[in-house]
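Treat the numbers as computed from the prediction; the structure is a model and nothing was measured. Order of appearance sets the numbers: ligands from 1, and atoms from 1 within every ligand. Residue numbers start at 1 and run along the sequence shown. As a basis for the values below, the full set of heavy atoms in this structure was taken, side chains included, without hydrogen atoms, waters or symmetry mates.
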Amino acid sequence: MGIRLHAVSHVYQSINQPPFEALKNVSLTIQATDEFIALVGETGSGKSTLVQHFNALMAPTSGEAQLFDVTLTAETFKDKKIKKTPIRKRIGLVFQFPEYQLFEETVLKDVAFAPKNFGLSEEAAIQKAKDALRLVGLDESFEARSPFHLSGGEKKRVSIAGILAMEPDILVLDEPTSGLDPKSQEMLMDVFTSIQNRTHTSIVFITHDMNWVERYAKRVLVMKAGSLVFDGTPHALFQRPELADWKMDVPDRFKVMQYLKTHHSFKDPVTTPDELIDAIIREGQS
Ligand SMILES: Nc1ncnc2c1ncn2[C@@H]1O[C@H](COP(=O)(O)OP(=O)(O)OP(=O)(O)O)[C@@H](O)[C@H]1O
Ligand SMILES: [Mg+2]
């Protein structure tokens, strides 16, 4: 078991602002290997807040977060003897906004920072960084550039490379494909899949795109107003009547299916695109 949250709530406290409960009583378990989880939910539903509890960046206000062999609560989080850095190496989080993550003067130094920090020699860290940059599609010409003078999509790739270079056991990606063109989005999702196939790394990705959910995720978590309202397969999610209430879209394939269903009456009930294909084939043969 990699991550287990038990009844986690998180209240943001800011000066001159009323407290805001962004997470409400969330319980879930994420295995250390082979999970491919999409985390979805409308804007402001608590997704980014939730994933920051996955790698000890945030402490639960109440409840507990068990992250591998460390259990964090509001009290133990303050305990200096409990080291957070090893947790952040095993559970790597790519931030929603790359600017929060980038800080070195060159792209190569930025990506090599974590592997060096976690004990690799300079040379080995540089090699890991180069490999990670190639994986996310950035060639050598980017290595000496400042990470701050890149386009939004290039910054996103550098921030992803920085976490890949650390080779975490669990890879958590907060909207990894936002700001990228469709081909680059697909390329990156395929990179994550091939990493999992090779190393069994568990992957959690936040997205608003239901096509990616259907295509890549084995499991989906849905957040609504700080609560976890669904934990199941994409197939089960897209059948749920609450989708509109959760502000969820459906994949394009389902929209095409709805269109065809309203213009054609099939003999057999059709609820999924695959059943639609079967129905069309059967009717063609009859
Ligand atoms: N530092 C903060 N102080 C107070 N409230 C905050 C803070 N950060 C986030 N919130 C609030 O907590 C709620 C959850 O925010 P969060 O960023 O987790 O949402 P999200 O689901 O990731 O949204 P998005 O899809 O827009 O990225 C929002 O209502 C947000 O306004
Ligand atoms: Mg967010």
Any side-chain donor near an acceptor of the partner, Gln96 and Ser48, under 3.5 Å: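 Yes - a donor-acceptor pair under 3.5 Å links their side chains.
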Side-chain H-bond candidate by donor/acceptor type, Ser184 with Asp181, under 3.5 Å: yes
Worked verdict on Phe192 versus Phe36 for ring pair (Phe, Tyr, Trp, His ring centres under 6.0 Å): CA-CA 9 Å; Phe192 304 140; Phe36 213 124; 7.7 Å; no
Test item: Lys116 side-chain N/O and Ser121 main-chain N/O as donor-acceptor pair under 3.5 Å: no
Expected output: side-chain His149 to main-chain Arg145 donor-acceptor under 3.5 Å: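 No; zero donor-acceptor contacts below 3.5 Å.
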Geometric class of the Tyr12/His10 ring pair [parallel <30°, tilted 30-60°, perpendicular >60°]: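 Perpendicular: the ring planes of His10 and Tyr12 meet at over 60°.
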Spacing of CD belonging to Glu21 relative to OG1 belonging to Thr61, to within rounding of 0.5 Å: 8.0 Å
Thr49 backbone or side-chain N/O/S under 2.8 Å from the Mg ion (ligand 2):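 No N, O or S atom of Thr49 is closer than 2.8 Å to the Mg ion (ligand 2), so no.
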Gln96 N/O/S atom closer than 2.8 Å to the Mg ion (ligand 2): yes
Least distance between heavy atoms, Ile170 atom then Gln31 atom: CD1-O, 4.1 Å
Distance-minimising heavy-atom pair for Gln239 and Thr272: NE2-CG2, 3.4 Å
May I ask you to list the atoms of ligand 1 that are less than 4.0 angstrom from any heavy atom of [X]?
X      : value
Gly46  : 14 (C), 18 (O), 19 (O), 20 (P), 21 (O)
His208 : 25 (O)
Gln96  : 27 (O)
Glu175 : 25 (O), 27 (O)
Ser45  : 19 (O), 21 (O)
Ala22  : 12 (O)
Thr49  : 14 (C), 15 (O), 16 (P), 18 (O)

Cationic tip of Lys84 above Phe77 ring, under 6.0 Å, 45° of axis: yes
Counting non-hydrogen protein atoms only, what is the nearest one to [atom]? Give residue, atom name and distance.
atom                    : result
atom 30 (C) of ligand 1 : Phe20 CE2, 4.6 Å
atom 17 (O) of ligand 1 : Ser48 CB, 3.8 Å
atom 26 (O) of ligand 1 : Thr43 CG2, 3.1 Å
atom 6 (C) of ligand 1  : Tyr12 CD1, 3.3 Å
atom 25 (O) of ligand 1 : Lys47 NZ, 2.7 Å
atom 14 (C) of ligand 1 : Gly44 O, 3.4 Å

Atom 9 (C) of ligand 1 touched by protein heavy atom at under 4.0 Å: yes
Is_contact(atom 23 (O) of ligand 1), protein non-hydrogen, under 4.0 Å: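 Protein heavy atoms within 4.0 Å of atom 23 (O) of ligand 1 - there is at least one.
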Co-membership, hydrophobic cluster, residues Ile203 and Val94, 4.5 Å side-chain: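 Yes, Ile203 and Val94 fall within the same hydrophobic cluster.
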Ser14 to ligand 1, any heavy atom closer than 4.0 Å: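 It does; at least one heavy atom falls under 4.0 Å.
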